[in-house]
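Proteins get letters first, then strands, A, B, ... in listed order; numbering begins at 1 in each.
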Amino acid sequence: MPDLATPLIAWYRENARDLPWRRPGFGAWGTLVSEFMLQQTPVSRVVPHLEAWLERWPTPSALAADAPAEAVRQWANLGYPRRALWLHRAAVEIRDRHGGVVPRDVDALLALTGIGDYTARAVAVFAYGDRHPVVDTNTRRVLARAVEARAQPAPPARRDLAAMEAVLPEADADAAVMNAAAMELGATVCVARSPRCDVCPISDRCAWRAAGYPDTGDNRRRQARYEGSDRQARGAVLRALRDAPAHRVALTDVAADWPDALQRDRAIDSLIADGLAEASEGYLSLPT
DNA sequence: GAGCCGTGGCA
DNA sequence: TTGCCAAGGCT
């Protein structure tokens, strides 16, 4: 296995983007909030929302003291609004189970609502400096190409953690930078379409490049069409609630212009089932 | 493990 | 216009 860490770390020190969560002393709560927002949402859209969020709720207890509806409203159009609800629940759990301090232990982090393998380790590594493999979609693509000589990674699996562990330096601080560097390379150089191998710091040891960029197929899961989907209908309903005075709309008026009434009703029911909406006395509202 | 869950930018 | 892609997680 060629040494990927040395050139990646050196490259990262020179080329890392200046992002809010990379500022010294950003804090574990800020890191946690940023990681929730970054789950499937691009960096450029997250940055302004993150700063507004932390200004309003500087600690987990501050968020926990507010209503879930406020979290969902503040989430605005970041997408996947269940994350706002889960972040609020996590804040309550941090207040009640951890004295208001974001836990450092990976298992404790994994036990929080909305935190999985990626986010738990990202917090432990980037906020606390501990040594764990942090594997996101960028890292999976970098490892698939550099190590496995594949054009695209396989779907996410637990073995991805072992694959990253295998290329991680021993020292905690180096391992943390390596984790960030692999993600950064995947986000800015080793991108999904049209990778920029001419500026890649590990192109001389990339297995995919050495093999002549073979087309190894693509096992990635396809996203369902969004236009006309239930997800779009849910988005329309929730947008109406966010924009309404007191986050409350008469049930008969919610997304009344939606072309498919059955689909609209299905969306309302599923939002209620998810805890993102509540129905009472003929009105639909955000969760209190 | 597969399907589901928002939103917007870009080719 | 359509499909791809984005610091995932839950059921």
Do A:R248's NZ or CZ and the ring of A:Y283 fall within the cation-pi criteria of under 6.0 Å and 45°? yes
When you measure from the side chain of A:R22 to the backbone N and O of A:R17, does any donor-acceptor pair fall under 3.5 Å?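 Side chain of A:R22 to backbone of A:R17, a donor-acceptor pair under 3.5 Å: yes, one is there.
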Considering every strand and a 4.0 Å limit on heavy-atom distances, what is the contact class for [X]: base, sugar-phosphate, or nothing?
X	answer
A:G116	sugar-phosphate
A:R222	sugar-phosphate
A:I115	sugar-phosphate
A:W86	sugar-phosphate
A:R141	sugar-phosphate
A:D117	sugar-phosphate
A:T137	sugar-phosphate
A:R220	sugar-phosphate
A:R242	sugar-phosphate

Grab the [atom1]-[atom2] distance between [X] and [N] for me, whole Å please.
X	N	atom1	atom2	answer
A:Y80	B:dC4	OH	C1'	8 Å
A:N138	C:dA7	CG	P	4 Å
A:Q152	C:dG3	CD	C1'	14 Å
A:R234	B:dT7	CZ	C1'	14 Å

For nucleotides 8-10 of chain B, tabulate all protein N/O to nucleotide N/O atom pairs closer than 3.5 Å, reporting atom names and distance.
unit_1, atom_1, unit_2, atom_2, d
B:dG8, OP1, A:N77, ND2, 2.9

Nearest-nucleotide 5' precedence on DNA chain B, A:A224 against A:A76: A:A224
If you measure from the Lys or Arg side-chain nitrogens to the Asp or Glu carboxylate oxygens, is any gap between A:D160 and A:R140 under 4.0 Å? yes
When rounded to the nearest 0.5 angstrom, what is the spacing between CH2 in A:W86 and CD in A:Q39?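 Going from the CH2 atom of A:W86 to the CD atom of A:Q39 covers 8.0 Å.
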